[in-house]
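Have a look at the structure below, then the notes.
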Amino acid sequence: MKVVQRSTFFAVTTKSNLHHFHSSSQRVPISSEHESREFVSRLLDRKWGLQSPASPIQEIGVSSDKGIEKFSFSNNTRPHLGDEMLKRNQDSSFYILRDDLLHPLVNGNKARKLDALLPLLEDYKFTDVVTCGGCQSAHTAAVGVLYLAAVSCAERGLRSHLLLRGEQPEVLTGYNLVSTMYGNVQYVPRSRYANREEMLRTYADLVSGEDGSVLWAKDIVEGLEAVDVAKMDDLLSSKNSGRKVLIVNEGAGDALALLGMFRLVQYLSQDHVLGKTKPVRFVVDAGTGTTTVGLGVAAMCLGLPWEINAVMLADTLENYKRHEDRLIAEFTRQFPASVVCSSLDMNHMIKWVDRQHPRKFGKVLDGEVEKCQKIAQETGVLVDPMYTLAAWEIAAELVQDEKSSIVVMLHTGGTLGMFGLAQRYKSCFTNLKD
């Protein structure tokens with residue numbers, strides 16, 4: 001089996017991230033568009049996990065369907081971009097950013113969230129990563145696959161420890177199977193999982209042992225601000241023979257994860273892609289909401305006329321807003337963005353919206369699997385009823401009334417989760433045979 005797919009996930013660069021956060025973290029006032037772009041340029045001047053921020057962009061045509069289904073769809077896989085977007089072939093259409101095609105297993109917003117974190121594992125010579133997620137969580141699979149698949153980490157024997165909420169399925173499929181093949185999986189009772197921070201820290205302490213060290217992802221950045229750099233280097237020095245364990249929050253919900261979205265937004269804002277002047281309405285499904293906040297903060301810092309429509313799936317509006325405030329505050333502490341972030345009015349940039357058919361998170365409604373099948377057969381794009389179908393439906397609705405703005409859906413991947421859903425909702429998938 002060739003290892004090309006694995007090795008290409010790491011960008012080839014000689015730049016080191018060691019001391020980079022510290023040296024670039026001077027609080028420089030940002031008072032103009034030029035200075036704001038300079039700030040973003042400095043922020044992105046580092047090593048990355050993804051070799052390129054690009055992923056395919058396709059145009060989905062939407063037409064009214066007089067039959068049982070509300071819409072029918074078509075796919076233009078080579079659409080006009082940049083200034084040529086004004087010459088669109090479809091009267092009603094939206095664009096889809098195919099982040100589900102970034103990698104065979106590790107794709108979507110999971111790869112974006114880990115884009116800045118992966119090189120730090122190499123720089124700081126971590127030996128273990130501990131994280132958590134739901135039984136069929138795409139995030140836990142991303143951590144297990146990414147860290148073991150990346151050649152530079154695998155050569156160091158880096159281990160991933162995945163704490164999964166709930167009970168082990170009788171037959172492993174989807175993300176459960178992938179996580180088990182690549183990482184050390186532990187199933188945790190829901191009562192214990194409720195206190196995630198204590199659970200992660202306790203397990204990380206067990207992994208590290210008496211001679212090891214444990215850090216949270218945010219400590220890598222904030223540590224360089226709060227303590228002497230030499231002390232931080234000594235803590236993580238290769239001379240220390242103990243295990244070096246990094247804890248990554250559920251969903252990679254740290255400010256460090258926002259950097260991958262900054263890199264994506266900067267790429268998309270190039271003139272030959274979406275440009276900097278055209279109004280764009282993004283649509284993204286929101287699990288933790290980290291991807292949404294990253295898109296919004298990056299677009300605001302770059303002065304782009306964009307709007308981020310976040311389809312709430314797993315929490316209340318109040319809790320999503322609370323997570324948004326926490327991430328921005330954390331980002332302000334960790335990166336040279338105090339002036340930018342303190343003046344952000346995200347109410348005009350981010351719109352938290354309900355999905356078309358609200359329900360308790362984890363539920364699949366009758367007919368939704370068939371909708372996913374219809375979309376796949378008409379466009380070649382696979383969406384799942386838990387996450388990406390919600391964003392697709394909102395994007396299709398927006399283009400019916402929206403003619404002045406470009407609508408872009410971010411495909412957040414996670415399609416391996418369909419295997420887990422087929423286990424849990426057998427009747428919904430049995431109907432496909434008919």
*asked:* For Leu102 and Arg112: C-alpha separation, side-chain torsions, deciding distance, then whether side-chain contact (heavy atoms from CB on, under 4.5 Å) applies.
replied: CA-CA 10 Å; Leu102 281 173; Arg112 301 288 184 188; 3.9 Å; yes
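- Note that CD1 of Ile60 is 4.0 Å distant from CG of Asn75, once rounded to the nearest 0.5 Å.
- Between Leu264 and Leu410 the shortest heavy-atom distance is CD2-CD1, 4.5 Å.
- Rounded to the nearest 0.5 Å, atoms CE (Met85) and NZ (Lys278) are 6.5 Å apart.
- Residue Asn249 forms a side chain to side chain donor-acceptor pair (under 3.5 Å) with just one option from Thr290, Asp254, Thr288, and that option is Asp254.
- Leu200 is listed as a side-chain neighbour of Trp216, based on a closest heavy-atom distance under 4.5 Å.
- Salt bridge Arg243/Asp211: absent, no basic N to carboxylate O contact under 4.0 Å.
- Here Thr131 contributes atom OG1 and Ile247 contributes atom CD1; the two are 9.5 Å apart, rounded to the nearest 0.5 Å.
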*Determine, step by step, whether Val40 and Gln266 satisfy the side-chain contact (heavy atoms from CB on, under 4.5 Å) criterion, reporting the C-alpha distance in whole Å, the side-chain angles of both residues, the deciding distance to 0.1 Å, and the verdict.*
CA-CA 8 Å; Val40 174; Gln266 185 190 52; 4.3 Å; yes
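- One N or O on the side chain of Tyr320 and one on the backbone of Ala286 form a donor-acceptor pair closer than 3.5 Å.
- Interatomic distance, CG of Leu44 versus CG of Asp115, reported as 10.0 Å (0.5 Å rounding).
- Between Glu307 and Val280 the shortest side-chain heavy-atom distance does not fall below 4.5 Å.
- Atom CD of Glu197 has 12 or fewer neighbouring heavy atoms from other residues, nucleotides or ligands inside a 6.0 Å radius.
- A donor-acceptor pair shorter than 3.5 Å can be found between the side chains of Asn319 and Arg322.
- His411 places a side-chain N or O within 3.5 Å of a backbone atom of Leu382 that can act as its donor or acceptor partner.
- Salt bridge Lys321/Asp325: absent, no basic N to carboxylate O contact under 4.0 Å.
- Looking at heavy atoms from C-beta onward, Thr291 lies in side-chain contact with Met261 at the 4.5 angstrom threshold.
- Under a 4.0 Å N-O distance rule, the pair Lys47/Glu122 qualifies as a salt bridge.
- Between Gly413 and Asp384 the shortest heavy-atom distance is O-OD1, 4.1 Å.
- Minimum heavy-atom separation, Pro385 to Val369: CG-CG2, 4.4 Å.
- Taking all atoms of both residues into account, the shortest heavy-atom contact from Arg98 to Gly380 is NH2-O, 4.1 Å.
- In this structure a side-chain-to-backbone donor-acceptor pair under 3.5 Å is missing from Glu59 to Asn76.
- The two residues Tyr187 and Gly166 come nearest to each other via the heavy atoms CB-O, 3.5 Å.
- Atom OG1 of Thr173 and atom CE of Met418 lie 12.0 Å apart (nearest 0.5 Å).
- By the 4.0 Å N-to-carboxylate-O rule, Asp128 lies too far from Lys244 to be salt-bridged with it.
- Here the CD-CG distance, from Gln356 to Leu389, works out to 8.5 Å after rounding to the nearest 0.5 Å.
- For the pair Val265 and Leu304, the minimum side-chain heavy-atom distance is below 4.5 Å.
- Leu421 places a side-chain heavy atom less than 4.5 Å from the side chain of Met386.
- A tilted orientation is assigned to the rings of Phe282 and Trp306, their planes being inclined by 30° to 60°.
- Between the Thr202 side chain and the Met199 main chain, no donor and acceptor come within less than 3.5 Å of each other.
- The shortest side-chain heavy-atom distance between Met312 and Val353 does not fall under the 4.5 Å cut-off.
- The pair Lys371-Glu393 meets the salt-bridge criterion, since a charged nitrogen lies less than 4.0 angstrom from a carboxylate oxygen.
- Classified by interplanar angle (parallel below 30°, tilted 30° to 60°, perpendicular above 60°), the ring pair Phe94/Trp392 is perpendicular.
- Contact record, Leu313 with Ala390: CD2-CB, 3.7 Å, taken as the closest heavy-atom pair.
- In this structure, the side chains of Val245 and Ser213 stay at 4.5 Å or more apart for every pair of heavy atoms.
- Judged by distance alone, with hydrogens and angles left aside, the side-chain atoms of Glu368 form a donor-acceptor pair with the main-chain N or O of Leu365 at under 3.5 Å.
- Using a 4.5 Å heavy-atom threshold, the side chains of Val284 and Ile308 count as touching.
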*May I have the step-by-step check of side-chain contact (heavy atoms from CB on, under 4.5 Å) for Leu302 and Lys276, ending in yes or no?*
CA-CA 9 Å; Leu302 287 169; Lys276 301 177 180 65; over 6 Å; no
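- Checking Pro53, Ser55, Ser52 one by one against Tyr267, the side chain to side chain contact (heavy atoms under 4.5 Å, CB included) holds for a single residue, Pro53.
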_Worked verdict on Thr388 versus Asp285 for side chain to side chain donor-acceptor pair (under 3.5 Å)_ = CA-CA 6 Å; Thr388 46; Asp285 56 86; 5.5 Å; no
*Take Leu121 and Val129 through the side-chain contact (heavy atoms from CB on, under 4.5 Å) test and state the conclusion after the steps.*
CA-CA 9 Å; Leu121 297 176; Val129 174; 4.1 Å; yes
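- No side-chain donor-acceptor contact under 3.5 Å links Trp352 to the backbone of Ile350.
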